[in-house]
Each structure stands twice: as structure tokens, then as C-alpha cells.
J.: 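Quick one: the structure is below, and I'll ask about it shortly.
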2 protein chains.
Amino acid sequence: MTTPLRVVQYGLGPIGLGVTRFLLDRAPRLQIVGAVDVDPQKVGRDVGELAGTSRVDVVVRDRFADFQDVDCVIHTTQSRLADVEPQLMEILTTGANIVSTCEELSYPWHHNPQPARRIDAAAKAHNATVTGVGINPGFAMDLLPLVMTAPVHNLRGIEVERRVDARVRRLPLQRKVGAGLTTAEFEARVAAGALGHVGLPESIAMIAAGIGWKLDRITNRVDPVVTAAGDVAGLHQVGTGILGEAEVIRLSLTMAINVDDPVDRMRIEGDPTFHVEIPGGLHGDVATHAIAVNTVPIICGAAPGLKTALDLPPAHSFVP
Amino acid sequence: MTTPLRVVQYGLGPIGLGVTRFLLDRAPRLQIVGAVDVDPQKVGRDVGELAGTSRVDVVVRDRFADFQDVDCVIHTTQSRLADVEPQLMEILTTGANIVSTCEELSYPWHHNPQPARRIDAAAKAHNATVTGVGINPGFAMDLLPLVMTAPVHNLRGIEVERRVDARVRRLPLQRKVGAGLTTAEFEARVAAGALGHVGLPESIAMIAAGIGWKLDRITNRVDPVVTAAGDVAGLHQVGTGILGEAEVIRLSLTMAINVDDPVDRMRIEGDPTFHVEIPGGLHGDVATHAIAVNTVPIICGAAPGLKTALDLPPAHSFVP
């Protein structure tokens, strides 16, 4: 029998609690040995009860410390690297590997090279591996299209479209996409950097690094999806990678409460040109929970340092 | 600038010549420094001219020897591991890495564990890495469905369908699939092991190893595709992976000259269940040439030993 991997769940928001439920399902292969959250309402409670399953005799603590022999921490707190860097650094000093859902960590080398270098150095110093994962960024709009170029010669362009029905998603996502705002409120929040999917530039940078396109420009624009009645239903965000005069990467993301045709679709242009379609699309929350859990064995077997999906064997599901 | 990788092309049949053309397109990133084939009609000729491009001042030799500082050999000779093992062993003694299109090498650990162990040991002894690649086995019916399980929890089954229009493929494939035979000839050749796609059991074994399904049985059955007139148009091959009473893996491959709806399609059953479709399907020859070339940088950066797609970062296209 394979030795169980000892996992700590760090961050118990909606994503963290979803991950916790999946972690508990993967026993005995994965064993939850600790849980961390800063919320005083959660500290001291049993993490199984908090996640809506049965008691597991793992009590939520308010900080990451005193955990013994941890193989991997699943870290699900914030989206911005500047916010999570101190948390990651503290975990790394214990030598634990980290799978984080921090969007900016999915491919930090282009937009955040200095924190990336610091995290990489700390990981190597403590013989640990750290990576950022998720459905988007991390899979649907970067890794998967990259994998789809394996059978292609003379690659000329990659176009990805993701349409998400925000109605079937958790409430924070509906707020996150701006549903219910006026267009003026929407534009103001976009201008303040408080609205928009985090990670599209990271996806473009990851694709470009993999292919070897030395982009001249990465664009990223967020517009409201407006209903006939003039209400904001969500967002439409387009990111592009420009090489010389050519748009070689185009990522188009729509997340709104009026998307009736959710889909993940990509077009790979080269020899041959073809497209790939996932009707209905990949569910963002469940998919991110699953990818985080499915990456644990991969990260526990990898060489030390900060890794991206370009460096690691592909994550896949596994039975307990 | 990235240092060029020095590549030898070993085997100059239809696949090897296709790979050669793609290799030449990837200069200066990849540099062809040698070519090998046993055919006296090819030995002594310029490999560029043989591949139908311009002269490249690389002369075809009849054996692999005396090549200096080779980073990678692309090996495209035979489908069966027993046939290629001596060739691989000879290459490995020079310390060169190997990307091979040998079908049985794509996942040899289940059906050919002893040669796999010998090749792994030789590779490690000479600090080299070796892997088997291709569109099928190696991508469309194993790696790609595995990658598609990354966002899935409670995985219950994987079903893959590949329908190939053999009319648009090279003549050897049309023969390989039995087109033009009588059904009696077809059945006799299947019984003699002389007809049928090589690699379906390998694909099933690779998926099962990745997921951790300890299969009770792998099945593999080849039937003729028969036209209304009673002629054999090609083959329909089905492989399954059985766990207890459940069929958890089903791979269905049709290659025939009357396939009007070529497609690659997979269904992933779990939380969530979804399907993925590539209308038109991935062209087998071009795709295999491209995957071989696209794997060269991956294999040159990997740890020594015999690796499968489960162990390596995913191959993807790259610009010269």
C-alpha cells in the first residue's frame, strides 16, 4: 500500500471547505492532519464539522505552526501574490510542500518575478516544492491549450473561449463578476482594480513561455455584460498576447448570470488547425477543489523549488 | 539564445521522414546532426534530399555509431519492444536521450516489465532519458483523457472514441487496418497477430496506473469494418479495463476508409461528468511527427531513466 500523504488545509473559505470535503473523501491515500484559518468563528472548531461532514478530530488553528511531518499544505486564502507571500514563506520554513490556489502564483515569473525568485529560493533552501493551481488560471485557459499543441507543427495561434454561467456558482463569484451593479459602478470598480478575473495575464504569460513566444505586449480588458434592461449581468474579459503585429494568443472569458451556453472551447491554429470543445464547460469551483487535491501527489514527488504547470508532470485524478 | 539541441534521426520510413522534415523546420533550436537507416537504398544519401527538402549535408549511415555529443535520438523503426530493445540499448550506451515512436514503449511497465526494467537501468547507468511517444498510443487515448481528469473528483470511468478516416492517411496505414481484405483474410491476420492497432492495451495500462485502478482484466478485440458490399474497409478495435465487475476504461478505435465523421471524443465520468470533443480528430501521422519533435526539449531536461507521459512535464509545441 502507498504511504498516506499528510495534508494541512490552510484557508477555510468556500474554496478551502470544498477542498476539505474532497480531501476527506481521499482517505486513506490523503490524510488531513491540520487546518488553519484566521476567522475567530472557525478557530477551535472541528474541520470536518465545519466542512459539513462528520467529526474528524482535527481542530482549526489560527496560524500555521507546530504541525509535524506535513507532506503538503493546500493553501486557499487570497488571489494576489503580495498578500500570500508571507504565508507561503512561513509554511516553507517547515519544509512542507505547497499547493496553492493563489491565482497570481499559477505563473508568477512574468508579472511578479521578484516574489517568484524569493519563493523559489526559500523552497529550495527547505527542500520543498510549491505550485499554484486552479481551473482558471492553471488549466482551462493555459495548461489545457498548451497540452493541445503537442501534436502541432508550425503553431501560429491559440484562441480560448470560456463561458461560465455564474448562476450555478457560489454567491461570491456572482458578486465578483459584478452582477447587480450599474454599469457606472462596474466601470468604477474595474478602474479601481476591484473587479475582474485575476489570472488572465498569468495564463497568457504561461502559454507564451511554453511556446517560446517573446511577446511584445499582453493586453487585459474587462467590460460589463449588460442585459436588455440595462443591468450588469457579469463580465466579459479579453486578454491577448501580441507578437510583432500578430495576436498569437486570445483568451476570452465571459462570467455572467445570463450565460445560457456555458462552454470551454479552444482553437489551435497550425499544422493541423483544429478545435476542442467541452460542452457545458468545466465547473469552476468543483474543478478547482479537485485540481488542488489531485495535485498533492504530484507536488510531493517533484524536485524542490517554485514550479508551474510547465515544469510538473500533469495532475490527474486518483483513487484513494 | 537557447543552445541548439543536437538530434539524430534513427529510422527513415514514412514516420522518420516526416519527423525529419519537421526537425529541419525547427532549426536553429533543433539541429539534425545524423541520420540512420538500414535500407541500402537510403544509406549514403543526404537526409534532407531523402526527406524531400534541400540538401543539409547529413549523410544517412547504416548504423548508430561514432556520433558525437548527441542530445537526443528520435527513434522511429518498429512497434514491438522486442524488436527495438537492442537498438535502444546501443543508443543508450552513448548517453544520448531517446524519443521513440515504438508503440509498446509508450507504457511498457504493465505488458513488458522486464525489458522496461532493463532499458530503465541502462538509461540510468548512462545518465540518459528515454520515452515512447505518439498520437496513439501516447496522447489521444491515454494522456489527454488522463489530463482531462485533473478537475474531477470521484472519478468513475473514462471512455474514449477515436474515429480515423484512413483515406487521408499514408498507404501503409490503409494496409495496416486491413482495407481491401476479405473478412476471412482479415480474421486470419488478426488471429496471427499481424493485424490490429498496436498500443491499446498500453493506453489502458497507462490510464490505470495513473488513476491507481488495479485492474482485474484488460481486454483487446479487433473486428473488421465491413461495407454493404461485404468488403473490409478497416478495423474496429475495442479495449477495456475491468475493475471487479465494472468497466472503468473503454477505448474504441475505428480506422477505416469509409469513416465520414472522423473525431476524437472522450467522456469523463465523475464529479463532474463531461465530455470533450475534437471534431475531425487529430491527424495520426502529422500528429506523431509533431509530438516526437515537441518532446525533444522535454526529454533533454528530464531526470535519467525510462519515463512515460505520467512522469514528464507535458510536451507542447515550441517555436524554433
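To find a chain, count down the sequence lines: A is the first, B the second, and so on, and within it residues start at 1.
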J.: Can you tell which part of B:Ala140 gets under 4.5 Å to a heavy atom of chain A, answering side chain, backbone, both or neither?
T.: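 Looking at B:Ala140, nothing touches chain A.
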J.: Between B:Ile298, B:Leu143, B:Leu146, which residue shows the highest count of heavy-atom pairs closer than 4.5 Å to chain A?
T.: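 Heavy-atom pair counts peak at B:Leu146.
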J.: Please classify the contact of A:Ala309 with chain B as side chain, backbone, both or neither, using a heavy-atom distance under 4.5 Å.
T.: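 The backbone, not the side chain.
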J.: If you take all heavy atoms of B:Leu312 and A:Pro314, which pair is closest and at what distance?
T.: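 Result for this residue pair: O-CD, 3.3 Å.
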J.: Restricting to non-hydrogen atoms, name the atom on B:Asn294 and the atom on A:Thr149 that form the minimum distance, rounded to 0.1 Å.
T.: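 Distance-wise, the nearest heavy atoms are ND2-O, 3.5 Å.
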J.: Atom OG of A:Ser317 and atom CZ of B:Arg156: how far apart are they, to the nearest 0.5 Å?
T.: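 It comes to 10.5 Å.
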J.: Under a plain distance cut-off of 3.5 Å, with no hydrogens placed, do B:His153 and A:Arg26 share a side-chain donor-acceptor pair?
T.: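 Yes - a donor-acceptor pair under 3.5 Å links their side chains.
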J.: Between chain A and each of B:Leu310, B:Thr288, B:Ile278, count heavy-atom pairs under 4.5 Å; write down the option with the most.
T.: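 So the answer, after comparing B:Leu310, B:Thr288, B:Ile278, is B:Ile278.
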J.: Could you look at B:Phe22 and say if it's the side chain, the backbone, both or neither that has a heavy atom under 4.5 Å from chain A?
T.: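 For B:Phe22, the contact with chain A is made by backbone and side chain together.
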J.: Count the heavy atoms of every other residue, nucleotide or ligand shown that sit under 6.0 Å from CZ of B:Arg6, and state whether that count exceeds 12.
T.: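 Buried by this count: over 12 neighbours within 6.0 Å.
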J.: Distance from A:Glu277 atom CD to B:His275 atom NE2, nearest 0.5 Å?
T.: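 That separation rounds to 8.0 Å.
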J.: What's the separation between atom CD1 in B:Ile211 and atom CZ in A:Phe318, rounded to the nearest 0.5 Å?
T.: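 Reported value, rounded in 0.5 Å steps: 10.0 Å.
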J.: Under a 4.5 Å heavy-atom cut-off, does chain B meet the side chain of A:Leu144, its backbone, both or neither?
T.: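 For A:Leu144, the side chain is the part near chain B, not the backbone.
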J.: Can you name the nearest heavy-atom pair linking B:Ala315 to A:Ala150, along with the distance?
T.: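 Closest pair (atom of B:Ala315, atom of A:Ala150, distance): O-CB, 3.4 Å.
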J.: Between B:Ala290, B:Pro313, B:Pro297, which shows the greatest number of heavy-atom pairs under 4.5 Å with chain A?
T.: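 When all of B:Ala290, B:Pro313, B:Pro297 are compared, B:Pro313 has the most.
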J.: Which residues satisfy the side chain to side chain contact (heavy atoms under 4.5 Å, CB included) test with A:Thr76, sequence neighbours excluded?
T.: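 With neighbours one apart ignored, the set is A:Gln9, A:Ile15, A:Val19, A:Ile74, A:Thr101.
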J.: Give the interface residues of residues 203-210 of chain A toward chain B, defined by a heavy-atom separation under 4.5 Å.
T.: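 Answer by number: A:Gly210.
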J.: Ignoring hydrogens, what is the shortest heavy-atom contact between B:Pro151 and A:Leu282? Give both atom names and the distance.
T.: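 In terms of heavy atoms, the two residues are closest at CG-CD2, 4.2 Å.
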J.: When you measure from the side chain of A:Asp25 to the backbone N and O of B:Asn154, does any donor-acceptor pair fall under 3.5 Å?
T.: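 Checked: no pair found.
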J.: Identify the two heavy atoms, one from A:Trp213 and one from B:Val319, that lie closest to each other, and give their separation to 0.1 Å.
T.: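 Closest pair (atom of A:Trp213, atom of B:Val319, distance): NE1-CG1, 3.5 Å.
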J.: Quick check for you: to the nearest 0.5 Å, what is the distance between A:His316 atom NE2 and B:Leu155 atom CG?
T.: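 With rounding to 0.5 Å, NE2 (A:His316) is 11.0 Å from CG (B:Leu155).
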J.: Are the side chain of B:Asp271 and the backbone N or O of A:Val286 linked by a donor-acceptor pair below 3.5 Å?
T.: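 Here the side-chain-to-backbone pair does not exist.
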